[in-house]
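Since we're looking at a predicted model, the values are computed, not measured.
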Amino acid sequence: MRTIILFAAAAGLAACGPTETETVEEPQAEVEAETEVMGIDGKPIPGTYRVTGPDGQTTTEVVSADGTFTSTSADGTTQTGRWTQNTPDTYCATPDAEGAEETCYTETIDENGVWTATDPEGNTYTVERVES
């Protein structure tokens with residue numbers, strides 16, 4: 001009787017585990033979440049940036065992980081909106097202002113480490129990541 005109980009318990013445990021033909025696959029959503037696009041500087045995109053326009057005016061951009069940004073000019077004017085970046089060299093921003101359209105900037109870093117962003121009209125901005 002004792003042998004029958006041990007055999008039945010062992011058979012029950014064997015039935016709970018995966019068989020040799022079963023494969024365990026990782027859900028696709030988890031794999032995609034791990035492949036976060038990095039900025040042109042190789043770091044995560046969320047952060048604080050100092051952006052100098054072609055006219056010399058400087059703004060502070062706070063880019064958040066939730067896909068929003070806040071831009072504050074030197075005179076204190078603030079603009080908010082949403083951002084996306086599907087590749088390290090293309091940053092797109094859509095202001096919250098009514099009727100505003102998305103603008104995508106082509107980003108590069110030259111051999112001297114100077115980071116620039118160029119808008120569709122050819123205006124070039126210098127970008128500096130502000131380390132905290």
Side-chain angles (χ1 to χ4, degrees):
M1 178 76 160
R2 186 176 198 173
T3 304
I4 294 173
I5 292 173
L6 286 174
F7 179 74
L13 285 174
C16 293
T19 64
E20 289 182 31
T21 58
E22 288 183 49
T23 58
V24 178
E25 294 185 26
E26 192 171 322
Q28 188 64 26
E30 290 180 22
V31 173
E32 290 173 6
E34 294 173 10
T35 58
E36 176 184 355
V37 174
M38 303 302 266
I40 194 76
D41 64 350
K43 296 179 182 179
I45 298 162
T48 301
Y49 301 87
R50 183 176 307 112
V51 180
T52 306
D55 60 359
Q57 295 293 322
T58 301
T59 60
T60 300
E61 305 273 336
V62 177
V63 179
S64 301
D66 67 358
T68 62
F69 72 86
T70 301
S71 176
T72 306
S73 64
D75 68 3
T77 304
T78 300
Q79 179 180 43
T80 60
R82 301 204 52 77
W83 66 272
T84 61
Q85 187 153 357
N86 297 322
T87 64
D89 63 350
T90 305
Y91 175 85
C92 299
T94 307
D96 287 335
E98 186 174 330
E101 295 183 14
E102 179 180 73
T103 301
C104 293
Y105 301 82
T106 302
E107 298 187 325
T108 60
I109 292 184
D110 70 14
E111 64 277 356
N112 297 318
V114 177
W115 181 348
T116 59
T118 305
D119 68 19
E121 287 81 37
N123 299 307
T124 300
Y125 303 80
T126 303
V127 180
E128 301 171 77
R129 186 182 288 271
V130 178
E131 302 294 335
S132 30

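- Remark: Thr106 OG1 to Asp119 CG distance equals 9.0 Å, nearest 0.5 Å.
- With a 4.5 Å cut-off on side-chain heavy atoms, Val63 and Ile45 count as touching.
- Rounding to the nearest 0.5 Å places CD of Gln85 at 7.5 Å from OG1 of Thr90.
- Under the 4.5 Å side-chain heavy-atom criterion for ILVMFWY residues, no single connected hydrophobic cluster contains both Trp83 and Val62.
- In terms of heavy-atom proximity, Thr87 sits nearest to Val37 at C-CG1, 3.7 Å.
- Counted within 6.0 Å of CG on Asp66, heavy atoms from surrounding residues, nucleotides or ligands total more than 12; the atom is thus considered enclosed.
- In this structure, Thr78 and Thr70 have side chains that are in contact, with non-hydrogen atoms separated by less than 4.5 Å.
- With sequence neighbours excluded, the residues that form a ring pair (Phe, Tyr, Trp, His ring centres under 6.0 Å) with Tyr49 are Trp115.
- Put simply, the side chain of Ser73 gets close to the backbone of Thr77: a donor and an acceptor are under 3.5 Å apart.
- Using a 3.5 Å distance cut-off with no hydrogens or angles, the side chains of Thr80 and Asp96 do pair a donor with an acceptor.
- Annotation for Pro46 and Ala65: closest pair CG-CA, 3.6 Å, computed over non-hydrogen atoms.
- A heavy-atom distance below 4.5 Å is not found between the side chains of Asp89 and Thr108.
- Here the closest non-hydrogen pair linking Pro120 and Cys104 is CD-O, 3.4 Å.
- Closest heavy-atom contact between Asn112 and Asp110: N-OD1, 2.9 Å.
- Here the side chains of Met38 and Pro44 are in contact, with some heavy-atom distance below 4.5 Å.
- Minimum heavy-atom separation, Pro95 to Ala100: O-CB, 3.5 Å.
- Taking CG of Asn123 as the reference point, atom CG of Asp55 lies at 9.0 Å (rounded to 0.5 Å).
- Under the 4.5 Å side-chain criterion, counting only non-hydrogen atoms from C-beta, Cys92 is not in contact with Thr94.
- For the pair Thr58 and Val51, the minimum side-chain heavy-atom distance is 4.5 Å or more.
- Closest approach of Glu102 to Thr84, counting heavy atoms only: OE2-OG1, 3.9 Å.
- The structure places OG1 of Thr59 at 10.5 Å from CZ of Arg50, a figure rounded to the nearest 0.5 Å.
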>> I'd like to know whether Glu61 forms a salt bridge (charged side-chain N to carboxylate O under 4.0 Å, His left out) with Arg129, so could you lay out the CA-CA distance, the side-chain angles of the two residues, the decisive distance to 0.1 Å, and finally the verdict.
In response: CA-CA 9 Å; Glu61 305 273 336; Arg129 186 182 288 271; over 6 Å; no

